[in-house]
Amino acid sequence: MPTEIYIPTIHLEAAQDWQDYQLLDSGNGKTLERFGLYKLIRPEPQVVWTPSLPREAWLSAHASVQKTQTEFGGKWHFSKPIEKSWQLHYQDLKFQVQLSSSRHVGVFPEQASHWQWIGKQINTSKRPVRVLNLFGYTGLATLAAARAGAEVTHVDSSKHALTWANYNLKLSGLSNKPVRWIAEDALKFIQRESRRGNTYDGLILDPPKFGRGPKGKVWNFYKNLPELLTACRKVLSSTPLFIVLTAYAIQASSVITYQAVHEIVKDLGGEMTTGELIAIEESAGHIISHALFTRWTSLI
């Protein structure tokens with residue numbers, strides 16, 4: 001048993017500077033949110049209190065998710081006309097959102113603090129930076145890294161997500177930036193990069209609880225994360241800059257993500273921050289925790 005055990009401090013981190021997003025209210029297992037011009041009602045099981053705004057505020061929503069039996073599934077019910085897709089801004093990033101067969105719309109607003117932090121690491125380093133974004137989804141972290149001057153490899157098993165991310169890159173005026181799009185199973189890709197000797201200075205990891213690759217390979221967070229961590233250690237450059245790990249919908253605490261990242265960087269020094277990405281409701285100040293995160297930087 002180690003003679004000295006370090007217990008990390010858990011941080012609650014809320015994204016700042018949003019103009020196109022608001023968590024207006026929450027209650028009875030639902031949230032009332034504004035995404036640009038439209039107000040949406042989405043299920044959120046952890047919301048165990050009652051709404052603070054009057055019923056009329058909730059009736060002003062343009063659409064709401066009707067829950068189904070699947071974990072993230074749902075069917076949208078429309079109360080007012082709404083565009084099939086529309087655009088949002090965060091600072092100088094511009095991107096498309098749309099309703100889908102789940103509660104998700106193509107952006108996780110709570111991750112904006114990641115985007116700012118990633119940009120700061122790259123800008124502060126004042127050197128060329130190669131970034132690998134695994135499970136990249138619609139690419140907002142990729143846009144943040146590219147905007148700061150990094151060369152980015154964006155990996156996602158969904159070709160639809162890659163097309164969406166590439167469109168977001170163009171919307172943000174970053175189409176001239178060096179971004180490589182890879183439609184492949186993330187674990188398989190990074191293991192192959194390791195064998196080839198390819199390395200990266202920054203890693204962005206947002207693995208799902210469960211997932212399925214383009215050839216049907218199943219991803220399980222608890223089963224496959226150790227393999228992913230091993231591969232991540234092997235593809236870090238000799239002068240690594242940062243790592244971001246985010247985890248949604250798992251039955252664990254941020255201590256788990258802390259120890260996961262620590263396995264990669266335990267001999268590298270640097271500084272780690274761990275905690276929860278949260279949203280703060282405007283009506284009564286309730287706090288909703290959306291995800292666990294750990295970030296490591298060599299810049300201290």
Side-chain angles (χ1 to χ4, degrees), residues 11-91 93-116 137-138 140-141 164 168 171 206 208-209 246-251 275-293:
H11 297 267
L12 300 182
E13 188 161 307
Q16 306 294 325
D17 301 327
W18 269 108
Q19 301 297 319
D20 280 354
Y21 172 78
Q22 292 173 284
L23 174 57
L24 299 170
D25 195 20
S26 60
N28 296 336
K30 299 178 181 179
T31 57
L32 175 63
E33 302 163 275
R34 181 181 67 83
F35 290 86
L37 298 174
Y38 302 119
K39 296 178 184 178
L40 306 178
I41 297 174
R42 301 194 292 173
E44 183 54 73
Q46 64 179 301
V47 174
V48 295
W49 47 84
T50 57
S52 300
L53 295 182
R55 182 169 178 268
E56 289 72 21
W58 288 74
L59 290 175
S60 69
H62 294 78
S64 60
V65 176
Q66 309 299 316
K67 292 179 64 176
T68 63
Q69 296 301 313
T70 57
E71 184 173 7
F72 298 110
K75 184 176 181 181
W76 286 93
H77 171 75
F78 298 94
S79 304
K80 298 180 181 180
I82 187 170
E83 295 289 336
K84 182 178 180 180
S85 64
W86 64 101
Q87 295 174 8
L88 300 182
H89 293 78
Y90 180 78
Q91 296 180 348
L93 297 181
K94 187 176 181 180
F95 47 93
Q96 176 181 277
V97 296
Q98 63 185 46
L99 306 187
S100 66
S101 58
S102 73
R103 65 187 298 273
H104 302 308
V105 299
V107 61
F108 294 89
E110 64 276 4
Q111 289 202 22
S113 58
H114 281 347
W115 311 335
Q116 289 185 314
Y137 192 42
T138 56
L140 278 302
W164 194 342
N168 287 339
L171 283 177
D206 193 357
K209 181 179 179 180
T246 311
Y248 284 84
I250 64 170
Q251 294 180 337
E276 303 176 21
L277 298 180
I278 65 169
I280 303 175
E281 168 204 81
E282 295 194 359
S283 58
H286 291 113
I287 294 174
I288 297 178
S289 174
H290 288 293
L292 313 178
F293 80 93

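- In this structure, NE2 in His11 is found 12.5 Å from CD1 in Ile278, a value given to the nearest 0.5 Å.
- Inter-residue side-chain proximity for Lys30 and Ser64 is flagged as unmet; no heavy-atom pair is nearer than 4.5 Å.
- Taking the six-membered ring for Trp and thresholds of 30 and 60 degrees, Tyr90 and Trp18 have ring planes inclined between 30 and 60 degrees apart.
- Note: Trp86 and Tyr38 have perpendicular aromatic rings, judged against thresholds of 30 and 60 degrees for the angle between ring planes.
- Considering only heavy atoms from C-beta on, Glu282 stays 4.5 Å or farther from Leu23 through its side chain.
- Using a 3.5 Å distance cut-off with no hydrogens or angles, the side chains of Ser289 and Glu276 do pair a donor with an acceptor.
- Here the CG-CD distance, from Leu140 to Gln111, works out to 8.5 Å after rounding to the nearest 0.5 Å.
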Begin from the C-alpha positions of His290 and Phe108 and carry the test ring-ring contact (aromatic ring centres under 6.0 Å, His included) through to its verdict. CA-CA 9 Å; His290 288 293; Phe108 294 89; 8.6 Å; no
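- The CD atom of Glu281 sits 11.0 Å away from the CD atom of Glu33 when rounded to the nearest 0.5 Å.
- Here Trp58 pairs with Asp25 under the side chain to side chain donor-acceptor pair (under 3.5 Å) rule; sequence neighbours left out.
- Contact of the His114 side chain with the Phe293 side chain is registered, since non-hydrogen atoms from C-beta on lie closer than 4.5 Å.
- Rounded to the nearest 0.5 angstrom, Leu40 CG and Phe35 CZ are separated by 6.0 Å.
- With values rounded to the nearest 0.5 angstrom, Lys75 atom NZ is found 10.5 Å from His77 atom NE2.
- How far CG of Asp20 is from NZ of Lys94: 10.5 Å, rounded to the nearest 0.5 Å.
- A distance-only check finds no donor-acceptor pair linking the side chain of Arg103 to the backbone of Val65 [under 3.5 Å].
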